[in-house]
Amino acid sequence: MLDWSQIDTVLLDMDGTLLDLHFDNHFWLELIPAKLAQKNNISFEEAKADLAARYEAVAGNIQWYCLDYWQKELSLPIVELKREIQDLIAIRKDVPLFLKALKTSGKKLILLTNAHPDSLSLKIERTQIDSYLDEIISTHEFGVSKEHQSLWKQLEERLEFNKNRTLFIDDSLIILESAKTFGIKHLLAVANPDSKKVTNEIRGC
């Protein structure tokens, strides 16, 4: 259990933490392969295999999260395609009450996402999650993702938070490990980021 009296700042991931990851999984694993297959006149499975290799090549780097990168790489209108299925963007049911409770208790709430600014803007437009937060930060501002220590160093310089009194919530164990390595004391993993999939077993980070 968390001792909330020892926490002043709460850093919150967006996709899979505040928002249901189903939108992103459907977009990148279903819609994009279908569009790529149609464009290149190949099968859906061939397109998925091609994309899997492309995703793996930049996994954990800022390019993986960059819509401009993928638009150029795939020659597809990525932002337009996101808007086609924007009805799937959804805030997790327990999130508003959770954020309101944290706000009432005086915690500073900061959204820290690897999402590209265009994706971030669309999701804020659809969910109004900004109304619960003190600050919103896309790692694209720093040119490096949460998987890398240089991001955390730059973030600490900007926010001047106390690592020992900061909680970071994310659905990626790799990213949580990065935060732990940097020295963030309080960590919380989300076990069911995609409401359409089974809950993950969390063995610690």
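Computed from heavy atoms alone, side chains included, the values below leave out hydrogens, waters and symmetry copies. Note that the structure is predicted; figures quoted are calculated from it, not measured.
A continuous path of hydrophobic side-chain contacts links Ile136 to Phe161 [ILVMFWY only; heavy atoms under 4.5 Å]. Ile62 and Ile137 are not part of a single hydrophobic cluster, where members link through side-chain heavy atoms under 4.5 Å apart. The hydrophobic clustering, which links ILVMFWY residues whose side-chain heavy atoms are closer than 4.5 Å, places Phe44 and Ile32 apart. In the hydrophobic cluster analysis, where Ile, Leu, Val, Met, Phe, Trp and Tyr join through side-chain heavy atoms closer than 4.5 angstrom, Trp28 is grouped together with Ile85. Connection of Leu21 to Ile91 is not established within any shared hydrophobic cluster, with ILVMFWY side chains joined at heavy-atom distances below 4.5 Å, either directly or through further cluster members.
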Between Asp130 and Gln128, does the side chain to side chain contact (heavy atoms under 4.5 Å, CB included) criterion hold? Intermediate values first, please. CA-CA 5 Å; Asp130 56 323; Gln128 286 83 53; 4.1 Å; yes
Show your working on side chain to side chain contact (heavy atoms under 4.5 Å, CB included) between His116 and Asp68 and close with a plain yes or no. CA-CA 9 Å; His116 185 276; Asp68 297 325; 3.1 Å; yes
One pair to check against side chain to side chain contact (heavy atoms under 4.5 Å, CB included): Val10 and Ile110. What are the steps and the verdict? CA-CA 6 Å; Val10 182; Ile110 300 171; over 6 Å; no
Criterion side chain to side chain contact (heavy atoms under 4.5 Å, CB included) on Thr113 and Thr139, from CA distance to verdict: CA-CA 6 Å; Thr113 178; Thr139 58; over 6 Å; no
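For the pair Tyr132 and Leu18, the minimum side-chain heavy-atom distance is 4.5 Å or more. Under the 4.5 Å side-chain criterion, counting only non-hydrogen atoms from C-beta, Phe98 is in contact with Ile169. Counting only heavy atoms from C-beta outward, the side chains of Leu29 and Asp24 never approach each other to under 4.5 Å.
Side-chain atoms of Ser145 and Asn114 form no donor-acceptor pair, as typed in the model, at a separation below 3.5 Å. Using a 3.5 Å distance cut-off with no hydrogens or angles, the side chains of Gln149 and Ser178 do pair a donor with an acceptor. With no hydrogens or angles considered, a side-chain donor-acceptor pair links Asp20 and Ser195 at under 3.5 Å.
Ion pairing between Asp13 and Lys146 holds under the 4.0 Å rule for side-chain N and carboxylate O. Comment: Arg158 engages Glu135 in a salt bridge, judged by a side-chain N to carboxylate O separation of less than 4.0 angstrom.
In plain terms, the two heavy atoms of Pro117 and Ser138 that are nearest each other are CD-OG, 4.0 Å. Of all non-hydrogen atoms in Asp171 and Gly16, the two that sit nearest each other are CB-O, 3.8 Å. Heavy-atom minimum distance, Asp15 versus Ala115: OD2-CB, 4.1 Å. Between Leu187 and Ala179, the shortest heavy-atom contact is CD2-CB, 3.9 Å. For the pair Ala189 and Leu173, the tightest heavy-atom approach, listed with the atom from each and the gap, is CB-CD2, 4.0 Å. Nearest heavy atoms, Leu31 versus Leu81: CD2-O, 3.8 Å.
For Tyr55 and Trp70, the ring centers sit closer than 6.0 Å to each other. The ring of Phe168 has its center closer than 6.0 angstrom to the ring center of Trp152.
At distances below 3.5 Å, at least one donor-acceptor pair connects side-chain atoms of Asp170 with backbone N or O atoms of Ser172. Listed for the Gln63 side chain is no donor-acceptor partner under 3.5 Å among the backbone atoms of Val58.
Other residues, nucleotides and ligands contribute only 12 or fewer heavy atoms inside 6.0 Å of the CD atom of Gln38. Within a 6.0 Å sphere centred on CG of Leu97, other residues, nucleotides and ligands contribute 12 heavy atoms or fewer. Under a cut-off of 6.0 angstrom, the local environment of NZ in Lys39 is crowded, with over 12 non-hydrogen atoms contributed by other residues, nucleotides or ligands. Around CD1 of Ile174, the count of heavy atoms belonging to other residues, nucleotides or ligands within 6.0 Å does not exceed 12.
Residue pairs meeting the side-chain hydrogen bond (donor to acceptor under 3.5 Å, both in side chains) criterion with at least one member in residues 74-92, sequence neighbours excluded: Arg83-Glu125, Asp87-Arg126, Arg92-Asn192. Pairs of residues two or more places apart, or lying in two chains, that qualify as side-chain hydrogen bond (donor to acceptor under 3.5 Å, both in side chains) and include a residue from residues 103-112 are Lys103-Asp134.
Shown here are the side chain to side chain donor-acceptor pair (under 3.5 Å) partners of Asp3, two or more places apart in sequence or in another chain: Ser5. Take Asp50 and apply the salt bridge (Lys or Arg N to Asp or Glu O under 4.0 Å) test, not counting sequence neighbours, and it matches Arg54. Residues passing the side chain to side chain donor-acceptor pair (under 3.5 Å) test with His148, sequence neighbours excluded: Asn61. Annotation: side chain to side chain donor-acceptor pair (under 3.5 Å) contacts of Asn162 (sequence neighbours excluded): none.
Here the CD atom belonging to Gln6 is positioned 5.0 Å from the CZ atom belonging to Arg165, to the nearest 0.5 angstrom. Rounding to the nearest 0.5 angstrom, the gap separating the CG atom in Leu133 from the CG atom in Leu12 is 6.5 Å. The distance from atom CG of Asn164 to atom OG1 of Thr9, rounded to the nearest 0.5 Å, is 11.5 Å. The structure places CG of Asp194 at 11.0 Å from NE2 of His26, a figure rounded to the nearest 0.5 Å. Here the CZ atom belonging to Phe142 is positioned 10.5 Å from the OG atom belonging to Ser150, to the nearest 0.5 angstrom. Separating the CG atom in Leu74 from the OH atom in Tyr69 is a distance of 8.5 Å, to the nearest 0.5 Å.
Among Leu111, Thr166, Leu167, the one residue that satisfies the side chain to side chain contact (heavy atoms under 4.5 Å, CB included) test with Leu11 is Thr166.
The aromatic rings of Phe27 and Phe23 lie parallel to each other, with less than 30° between the two planes, well short of the 60° mark.
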